[in-house]
Amino acid sequence: MAGSVNKVILVGNLGKDPEVRSMQDGTKIVSFNLATSETWNDRASGERKEKTEWHRVVVFNDRIGDVVEKYCKKGAKVYIEGALQTRKWTDQAGAEKYTTEVVIGRFKGELTMLDTRNSGEGGGGDYAPRERAAPAARAPAARGSAAPSWDQPKPGGDLDDDIPF
């Protein structure tokens with residue numbers, strides 16, 4: 001095998017507001033805890049069960065870090081792509097400690113906000129995406145208006161001619 005892959009994809013919710021730190025050279029590091037959950041029905045009791053895993057995410061990418069800092073709050077749902085990285089350090093008592101984190105590097109990784117809420121817990125602060133109106137909620141276009149009607153095909157055209165298969 002020629003090479004290896006270290007890629008993690010997670011969809012989950014922030015456990016608390018992100019933490020922002022700066023390194024000595026001024027580089028910003030944003031970190032947060034991400035909860036992923038799975039649910040199932042217990043075969044023996046029929047009871048609904050849930051298991052939550054917590055993942056430590058560290059962002060070294062400046063643009064992604066800015067988005068997380070400004071718009072991601074506790075409870076926000078996000079999609080992330082990163083790589084696993086294990087760090088080792090020595091605590092104050094002299095004991096060696098290890099932690100494994102999902103790292104979104106300077107030139108690798110991705111974060112997509114999945115929430116559409118405008119306010120409240122996990123509402124994403126100032127982030128307010130445009131929501132699409134359902135077709136039934138749109139007012140029909142008046143005859144002769146400049147706005148096209150998405151409910152009726154344009155006159156003189158047959159859509160079947162444009163399909164390549």
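It should be emphasised that the depicted structure is a prediction, and the values quoted were computed from it without experimental measurement.
No side-chain donor-acceptor contact under 3.5 Å links Asp42 to the backbone of Glu47. Between the side chain of Asp17 and the backbone N or O of Lys74, at least one donor-acceptor pair lies under 3.5 Å.
Note on Leu10: it does not cluster hydrophobically with Val58, by side-chain heavy-atom contacts below 4.5 Å among ILVMFWY residues. Under the 4.5 Å side-chain heavy-atom criterion for Ile, Leu, Val, Met, Phe, Trp and Tyr, Leu34 and Tyr71 are members of the same hydrophobic cluster. No continuous path of hydrophobic side-chain contacts links Ile9 to Val57 [ILVMFWY only; heavy atoms under 4.5 Å]. Residues Phe60 and Val67 are members of separate hydrophobic clusters, defined by side-chain heavy-atom contacts under 4.5 angstrom among Ile, Leu, Val, Met, Phe, Trp and Tyr.
A cation-pi arrangement is absent between Arg56 and Trp54 under the rule of less than 6.0 angstrom and at most 45 degrees off the ring axis.
Here the straight-line distance linking atom CE of Met113 with atom CD1 of Ile80 works out to 13.5 Å at 0.5 Å rounding. Atom CD of residue Glu50 and atom OG of residue Ser37 lie 4.5 Å apart, to the nearest 0.5 angstrom. With rounding to the nearest 0.5 Å, the separation of CG in Leu84 from NE2 in His55 is 10.0 Å. Residue Thr52 holds its OG1 atom at 9.5 Å from CG of Asn13, rounded to the nearest 0.5 Å. Atom CG of Asp62 and atom CD1 of Ile64 lie 10.0 Å apart (nearest 0.5 Å). The distance from atom NZ of Lys77 to atom CG of Leu14, rounded to the nearest 0.5 Å, is 11.0 Å.
In this structure, Val11 and Val78 have side chains that are not in contact, with every pair of non-hydrogen atoms separated by 4.5 Å or more. The shortest side-chain heavy-atom distance between Lys28 and Glu69 falls under the 4.5 Å cut-off. Contact annotation: the side chain of Thr99 never approaches that of Lys97 to less than 4.5 Å [non-hydrogen atoms, C-beta and beyond]. Taking 4.5 Å as the limit, every side-chain heavy atom of Ser22 sits out of range of all side-chain heavy atoms of Ile29.
For Asn61 against Gly105, the heavy-atom pair with the smallest separation is CB-O, 3.2 Å. In terms of heavy-atom proximity, Trp89 sits nearest to Tyr98 at CZ3-C, 3.8 Å. Across all their heavy atoms, Ala83 and Val8 have their closest contact at C-CG2, 4.3 Å. Minimum heavy-atom separation, Cys72 to Pro18: O-CD, 3.2 Å.
A search for side-chain contact (heavy atoms from CB on, under 4.5 Å) contacts involving Thr112 returns Tyr79, Glu110, Leu114, not counting sequence neighbours.
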Report the C-alpha separation of Glu38 and Lys49 in whole Å, then their side-chain angles, then the decisive distance to 0.1 Å, and conclude whether the salt bridge (Lys or Arg N to Asp or Glu O under 4.0 Å) test is met.
CA-CA 8 Å; Glu38 68 175 303; Lys49 300 273 186 169; over 6 Å; no
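Ion pairing of Lys108 with Glu81 is absent here, as no side-chain N (NZ or NE/NH1/NH2) approaches a carboxylate O to less than 4.0 Å.
Summarising the local packing, CZ of Arg48 is surrounded by more than 12 heavy atoms from other residues, nucleotides or ligands at distances under 6.0 Å.
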